[in-house]
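See below for the structure under consideration.
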Amino acid sequence: MPLLAMSTLPIEQHLKPIQTALSEHNRLILVAQPGAGKTTRVPLTLLNSQWAQGQKILLLEPRRVAARLAASFMAAQLNEPIGKTVGYRMRGDSKVSSDTRLEVLTQGVLTRMLQDDPLLEGVAGIIFDEFHERSIEADLGLALSLDIQQSVRDDLRLVVMSATLDVAALTNVLGRDTCVIESTGREFPIDTYHRPLGGDETLDAAAYRVVTEALANVDSRDVLVILPGVAEITRLVQMLENSAFDVEVRALHGGMSIEAQQAALRLHETRQRVIVATAIAESSVTVDGVNVVIDAGLERVPLFQPQTGLTRLTTRRVNRASADQRRGRAGRQQPGTCYRLWSQEQPMVAYGEPEIAQADLSRLALEVARWGARSPEELVWMTPPPNGAWQSSQALLRQLGILDTVGLLTPLGKQSARWPLEPRLAVMLSKAASLNAVPLACALAALLEGRERVSGSLRDALAQRLGQSRRFPQWQRETQRLMDMASLKLPDKLPLEPLSCLLAIAYPDRVGQFISPGRFKLANGKTATLSASHLLANEAFIVAVSVESASSEAAIYLAEPIMQTALIDLYPETQQWEERVTWSDAQGKLLGEAVQRHGELVLARRPLAELSREAVQQALLSALKQRPAALFNGKVKQLRGRMALVASLYSDVWPDWSESALLDSLDVWLAPYMTGITRFSQLEKMPFHSYLMATLSWDEQSHFERLTPPSIMAPSGNQASVDYEPCLTGRPPVLALKLQEAFGWQDTPTVADGHMPVVIHLLSPAKRPLQVTQDLRSFWVNGYPEVRKEMRGRYPKHPWPEDPMTAQATASTKRHKV
DNA sequence: CTCTCCCT
């Protein structure tokens, strides 16, 4: 990288304002484009501030390479070796001394420093560089830093630096009076051309077409092609190598070893390079010599699915900030060209979703609990963790034994938090000691956490590494680091035996039980498949380690077989034989069995000869809850309607007889009558309404009967029953009777001590409804003459008197009277 | 049959 003279850096003019701002405020947002010099100039300037005297400043970088580079550049500025005034600190590597006042950290180190010393003593300020990348770790670091600044360290300076940033959103979090300083960038001009895919053109073909166009341009130096994934990269590399172009074709993606990546980045002495890369080239590595970028405009990202706890890869369009960042790669050293494989009209969102909005949050949930917060609301977030993913992560942590029911860390959780691993693997290491398998657990964690792709058998992959560790330097370094933390040395020979047990500790929710060849039911209830020819396709139990959620069923990429007995030993809760009595519709009776359960899986079962009274009762009650229609029969509906009416008129002491309340209290009001009941057919014939009445005292019962009489005597002398079911929906009760029976009633009859007139359904002799009224007097006067005229002809044998209010009521025809 | 990055 050509070093620009200090005075020419665009950031230079802002240094004084930055210093002034931070002498008065404790929060600052600095927006500066790449090449502005902010990463190296700002920290060194702040080091001389009054407020920083005798204290440290921390500079956060998203990547190790960036952290080392920034530290060495600044140390060189001071003519000092790294580790004197300027040092760095990252996983497994640090160069700091007692003289160090500026520490360049990778983000995870800050989290750990904060957790270990929540006062952050001796630190005057924290600078978050490249904050626009919005990693979970950076978001968490900022949330925790804001928390201590607000509670105990109002002297702590926080600076958020970024190339492109949603300033409005960040200002919302940091507060209105946060200083915002913007600096322009320093970039060579870049010509942008849009080259969308043709009608039925594939991405491969379009990429090849545009590479051809770029290579034909005499101004082109090395060409960087950015594609969404390894598959696309492999295909394009193949096409270019088979072509007539005299170019050096190189693939570049994160699945490659560091050594292979460095080889791909090396300039070629004579040949023009075409580097075909994933989004790794967007920000993680700098590709020198490039002045042409061809951007497919796509990215492949993992989306966490809270319902299944699995992550799914999806390909989608990049946002404008990413696209501009990619284009910028063409203009770092000279004027350049960018070809975009989409049309200029295609809409783009300004910013991408931050990682916290779409990733697995289990490590975040662990850190928040370790901080002592029981919910994310106790902290301030730029983007709060989404509720679904949060709940799902908390459920996993509880299942792993890390989190207690209140939401704080258990002793196992505290122990596990110290391992720099995802929670599953951290718990595995914490528990490995009891299996006498810490070295194996370290080797396994290094393998699973690492970025080397393991395919085929996990056991073979591990055996291979243990046998020839020198061939796998990254894995070996990681394993050794974990072993150092455990104060152990990796032995020469290591038995692989408790391998599947270790996996079952880390992935309890992904234990799978055989359904049919290649298909397994997972403990989380989801069905997952192995390819049918897979070696493990016929195992009774497996632990699925790597699972990708697909649209229908999940796909298992990596699994190990496990013995059923091992599962029962591992999960203490399964050792309880759980009595389970279920109602079988097919057999028409209760079936009893004792089961050993793990999640949704039944590991073992045996039939129960005798069913306990309690179990039978519970089974019947739960069967009743499944079929509530059997409970809420006509009589119960009437009773509930009467109670609904009474409760609406007299709010005082009447009980809640809603369906949900009654179902929830079956144990109280129904169970006492169930002695000797063993079948559903007996249960559904029980007089539920009597039991409900019996829950009322004698006084209440007689009051209730008086307020809501089941029937009212009509003038004819007949008892007409009152239908209280409408009261369940807030309507008045209904009294249905033949019109002739109502003769002599001057006014509408009432219930509830005269407070509630009933709705009268007056019926024809054929019991067809003639009139519905709640005002009988008005009907006799206004409606009846018309009805009489019409009905007299049709029912001549029935009486149709002219004055119904005084006429003799009757239930029968004229003949009897005559 | 799969993105990327990071951790006393």
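All values derive from a computational prediction rather than experimental measurement. Chain letters run A, B, ... following the sequence lines, proteins first and then strands; every chain starts at 1.
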Which residue in the set Thr111(A), Ile356(A), Asp139(A) passes side-chain contact (heavy atoms from CB on, under 4.5 Å) when paired with Leu364(A)?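 Of the listed options, the one satisfying the test is Ile356(A).
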How do His253(A) and Arg481(A) order along DNA chain B: which one's closest nucleotide is nearer the 5' end?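 This one resolves to His253(A).
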With nearest nucleotides of DNA chain B determined for Pro228(A) and Arg63(A) from heavy-atom distances, which residue corresponds to the more 5′ nucleotide?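 Its nearest nucleotide lies further toward 5', so the answer is Pro228(A).
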What is the distance from [atom1] of [X] to [atom2] of [N], rounded to the nearest Å?
X	N	atom1	atom2	value
Arg326(A)	dT4(B)	CZ	C1'	12 Å
Gln107(A)	dC5(B)	CD	P	13 Å
Gln261(A)	dT4(B)	CD	P	9 Å
Trp419(A)	dC6(B)	CH2	P	21 Å
Leu366(A)	dC6(B)	CG	P	20 Å
Glu449(A)	dT4(B)	CD	P	16 Å
Asp360(A)	dC5(B)	CG	P	18 Å
Glu478(A)	dC6(B)	CD	C1'	11 Å

Heavy atoms only, 4.0 Å cut-off, all strands: where does [X] land among base, sugar-phosphate and nothing?
X	result
Thr314(A)	nothing
Arg316(A)	nothing
Ile280(A)	sugar-phosphate
Arg363(A)	nothing

Using the side-chain contact (heavy atoms from CB on, under 4.5 Å) criterion, which residues pair with Gln238(A)? Sequence neighbours excluded.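 Listed in chain order: Asn242(A).
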By side-chain contact (heavy atoms from CB on, under 4.5 Å) - contacts of Asp129(A) (at least two apart):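 Applying side-chain contact (heavy atoms from CB on, under 4.5 Å) to Asp129(A) gives Lys38(A), Thr39(A), Leu59(A), Glu61(A), Met161(A).
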Decide yes or no for Val301(A) and Glu353(A): does some side-chain heavy atom of the first lie under 4.5 Å from some side-chain heavy atom of the second?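 No, too far: nothing below the 4.5 Å cut-off.
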Glu282(A) vs Arg329(A), test: salt bridge (charged side-chain N to carboxylate O under 4.0 Å, His left out). Steps then yes/no. CA-CA 7 Å; Glu282(A) 182 181 322; Arg329(A) 294 279 151 175; over 6 Å; no
Members of residues 112-136 of chain A that approach DNA chain B, where some heavy atom sits under 4.0 Å away: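 Going residue by residue through residues 112-136 of chain A, the ones with a heavy atom under 4.0 Å of DNA chain B turn out to be Arg112(A), Asp116(A).
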Side chain of Arg64(A) only, heavy atoms from C-beta on: which candidate in dC3(B), dC6(B), dT2(B) is closest?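 The answer is dC6(B), which lies nearest to the side chain.
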Does the distance from a Lys or Arg side-chain N to an Asp or Glu carboxylate O, for Asp93(A) and Arg68(A), drop under 4.0 Å?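 Arg68(A) and Asp93(A): salt-bridged.
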Taking the basic N atoms (NZ, or NE/NH1/NH2) and the acidic carboxylate oxygens, is any pair closer than 4.0 Å for Arg340(A) and Asp324(A)?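 A salt bridge is present here (some side-chain N lies under 4.0 Å from a carboxylate O).
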